[in-house]
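Worksheet for the structure shown next.
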Amino acid sequence: MDTLGLHFNSVSRILLLTIFSVLCINTWWSSAEASTVPQELLRGFKATPNPSISSFQPLLSDSTGNYSLGFLRVNKNQINLAVLHIQSSEQLWSARTARLPRWADPTQLFFNGSLVLSDPHTGVLWSTHTDGDRVLLSNSSNLQIQKVDGVTVEWQSFDFPTDTLVENQNFTSAMTLVSSNGPYSMRLGSDFIGLYAKFNPSTDPGQIYLKHKALEAKAAVVKGQGPIRVILTSDGYLGMFQTGSTPVDVQSFNSFQQNVSGIRRVRIEPDGNLKGYFWTGLSWIVDYQAISDPCELPSSCGPYGLCQPGKGCSCLDNRTEPISGRCVSPENHISGDLCSAYDNKYKVLRRSGVELPYKELMGYRKMESIKQCETACEMNCTCWGAVYSNSSGFCYILDYPMQTLVAVGDETKMGYFKLREGVGKKKVNAWLGLGFGLLFGAILILGGVVGLGWYRLRNRGVKGYVEEEGIGVGPYKDLGAASFRSIELCEK
Ligand SMILES: *[C@@H]1O[C@H](CO)[C@@H](O)[C@H](O)[C@H]1NC(C)=O
Ligand SMILES: *[C@@H]1O[C@H](CO)[C@@H](O)[C@H](O)[C@H]1NC(C)=O
Ligand SMILES: *[C@@H]1O[C@H](CO)[C@@H](O)[C@H](O)[C@H]1NC(C)=O
Ligand SMILES: *[C@@H]1O[C@H](CO)[C@@H](O)[C@H](O)[C@H]1NC(C)=O
Ligand SMILES: *[C@@H]1O[C@H](CO)[C@@H](O)[C@H](O)[C@H]1NC(C)=O
Ligand SMILES: *[C@@H]1O[C@H](CO)[C@@H](O)[C@H](O)[C@H]1NC(C)=O
Ligand SMILES: *[C@@H]1O[C@H](CO)[C@@H](O)[C@H](O)[C@H]1NC(C)=O
Ligand SMILES: *[C@@H]1O[C@H](CO)[C@@H](O)[C@H](O)[C@H]1NC(C)=O
C-alpha cells in the first residue's frame, strides 16, 4: 500500500512539474518575443517562421518601436517579408519576391552579409546581394544594410519601394511603385509623374492614365540637368525636384503646412488612385487623392463596366447587371489577346454614349466612320475593342481587354467591344475531363482488383514473391490519387 501511494505521488509530481514547466516556457516564450525584438541583426542571424503566429512575426525593430521588419502572413500560409507601421499594421515596404514562400519551417531568412530569404526547394528567393556587417531599421522605416563603420550604406529599402513612399523618401526615375494587386504603377518621366495601367501583361509599362507635368512655377526643368525626383515633404506636399532644393512642382495636400503630429505616406492603391495619408496617432487620414472623380479611375467598375458620373456602376452590355460587382464572370478570363486559333472566338458588344476615361492620353487614328473604325479592330486579333467619336473622327483601338468606360450624353460617341466566349467551351471541357477521369479511375480499379486476385494467387504458392509484389505496387501508390487509396484500403 505504502509503496503504491509513494509511486502515485511521484507520478503526479512529475506530471505537475511537466505541466508547470510547459506553462512557464510558454509564458517566457511569448513575453520574450514581445519585448526582445532586436534593433540590429548581425552576420549569422537566422530566422524561420513560427507556426503558432497567425499574423506578423517581428524580427527587427527600429529605435522608437514604431516600425518592425518581420514575416507577414498572407494568403493563409505564405510569407511576405515586410516592414510594418506597428500601431496600424500598415505595410510600408515588402520584398519583391517572384514567388511567396510558404509559412513553414524550411523557409528561412538569414544574414551573411546579404539579407537572404530562401527555401530548400527553390533556393534563394530574394537577396540584397551585399557584403554588409549589420541590418538596421531607421526611425523613418528605412531598412538598411550597413558596414561596421555605421556610415556606408550598402543597400536600403528606400531604393526599392513597393507601393508606398514615406516622408522624405526619394523617388527617382529608376524606381517604380506598383499597386499590391499588380496592374497599376507610378513612374517618373523627364518632367512628369505618370500613372500606368497594365491590363495586358505583354505591354510594359502599359497605358498611361494620369500624367502630372511639372508646373515649373518656382524653378524650371532644365534639359540635360539630370532626372527629376519626387519627395513627400513633412510640410504636406508632393514635391518634384531636379537640382537643388527649389521644387519644380508642388502638389499640395489638404493638410499643407498644417502641423500634423504623425508621419505621412503616399500609396498607389489597388484601384489605381494615388493617395496621401497622415497618421493622427489613432488612424490614417486621407489628405490627397490624385484622381477625385471615381469615373476617372482606370477601371472603377471593373472589366466591361460602365461608370455613370454620380450614379455608379452598370455594365457595357445593357442586358446584364453587375453580379457581385462584376460584369464578366471570372471563367471568361479576359487576358492576353484573341490571336491563337483556339481563343479567337468572341461575341461583339456595341454601346453608344460611351467614352474612354483618359482618352487625352491615348493614341488614336482618324477615320471616316464608325464602320471603318470597327473594321480596323475586327481585322486585328490583338484588338479588344474600339471607341469612336463621330464629331472628331478619332478612333481609339484598345490592345487590352475592355475596362470601365464612362457614360456620356453624346450618343455619337460609340464603342465596339469583343468579349471572349469562354464559358460554354470551359463547361464542355470540364465535363469531358470528368468523363475521362471516371473512365481512367474505373480502369485502374479494375486493374487493381485483377492485380489483387493475381497477387493472392501467387502468394498462396510462392512466398518469396511478396516483397517483389510490394515493389510492383509502389509506383501506383506514389501517384496518391483517391482511387489508389481505395485500392490500398481494399487490400487491407
Ligand atoms: C550568402 O548566402 C547566399 C545564398 O546562400 C550566397 O549566394 C552568398 O554567396 C552568401 N554570401 C556570403 C558573403 O557568404
Ligand atoms: C531619428 O533619427 C535621426 C537620426 O538618425 C534623429 O536625428 C531623429 O531625432 C530621430 N527621430 C526620432 C523621432 O527618434
Ligand atoms: C534624397 O536625395 C537627396 C539628394 O540626392 C539626398 O541629399 C538625401 O540624403 C536623400 N534622402 C534619402 C533618405 O535617401
Ligand atoms: C507643431 O507641433 C509641435 C508639437 O505637436 C510643436 O512643438 C510645434 O511648435 C508646432 N509647430 C508649429 C509651427 O505650430
Ligand atoms: C512613434 O513612437 C513614439 C513613442 O515611442 C510615439 O510617441 C509616436 O507617436 C510614434 N509615432 C508614430 C508615427 O507612430
Ligand atoms: C441596349 O443597347 C442596344 C444597342 O445599343 C439597344 O438597341 C437597346 O435598345 C438597348 N436596350 C436597353 C434595354 O436599353
Ligand atoms: C457622323 O458625322 C457625319 C458627318 O461628320 C454625319 O453625316 C453623320 O450623320 C454623323 N452620324 C451620326 C450617327 O451622328
Ligand atoms: C494590330 O493592333 C496593334 C495594336 O493594337 C498594332 O500594333 C498592329 O500594328 C495592328 N496590326 C495591324 C495589321 O493593323
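The structure presented is a predicted model; accordingly, all values stated were derived computationally and were not measured. Hydrogens, waters and symmetry mates play no part in the numbers below; they use all other heavy atoms, side chains included. Every number for a ligand or one of its atoms is a count from 1 in the order of the listing.
- Using modelled atom types, one finds no donor on one side chain facing an acceptor on the other under 3.5 Å when comparing Q39 with S61.
- Side chain of W284 to backbone of R265: no donor-acceptor contact under 3.5 angstrom is found.
- Between F253 and Y288, the ring-plane angle classifies as parallel under the 30° and 60° cut-offs.
- Among the atoms of N168, none of the N or O lies under 3.5 angstrom from an N or O of ligand 3.
- Centroid-to-centroid, the aromatic rings of F111 and F45 stay 6.0 Å apart or farther.
- Atoms of ligand 8 found under 4.0 Å from any heavy atom of T382 (numbered from 1 in listed order, with element): 1 (C), 2 (O), 3 (C), 4 (C), 5 (O).
- Taking distance alone, with nitrogen or oxygen atoms compared against 3.5 Å, D399 stays at or beyond that limit from ligand 8.
- At least one donor-acceptor pair under 3.5 Å links the side chain of R351 to the backbone N or O of C315.
- For atom 14 (O) of ligand 8, the protein comes within 4.0 Å by at least one heavy atom.
- Within a 4.0 Å radius of atom 5 (O) of ligand 2, the protein has no heavy atom.
- Among protein heavy atoms, atom 8 (C) of ligand 3 sits closest to N170 ND2, 3.7 Å.
- With a 4.0 Å cut-off on non-hydrogen atoms, R229 touches ligand 3 through its side chain and not its backbone.
- For atom 2 (O) of ligand 2, the choice among N66, N139, L136, D62 with the nearest heavy atom turns out to be N139.
- In this structure, a donor-acceptor pair under 3.5 Å is present between the side chains of N200 and S202.
- Checking only distances, N380 does come within under 3.5 Å of ligand 8, N or O to N or O.
- Under the 3.5 Å distance criterion, the side-chain polar atoms of R73 are matched with a main-chain donor or acceptor of I53.
- Atoms of ligand 2 lying under 4.0 Å from any heavy atom of T64, numbered from 1 in the order shown and given with element: 14 (O).
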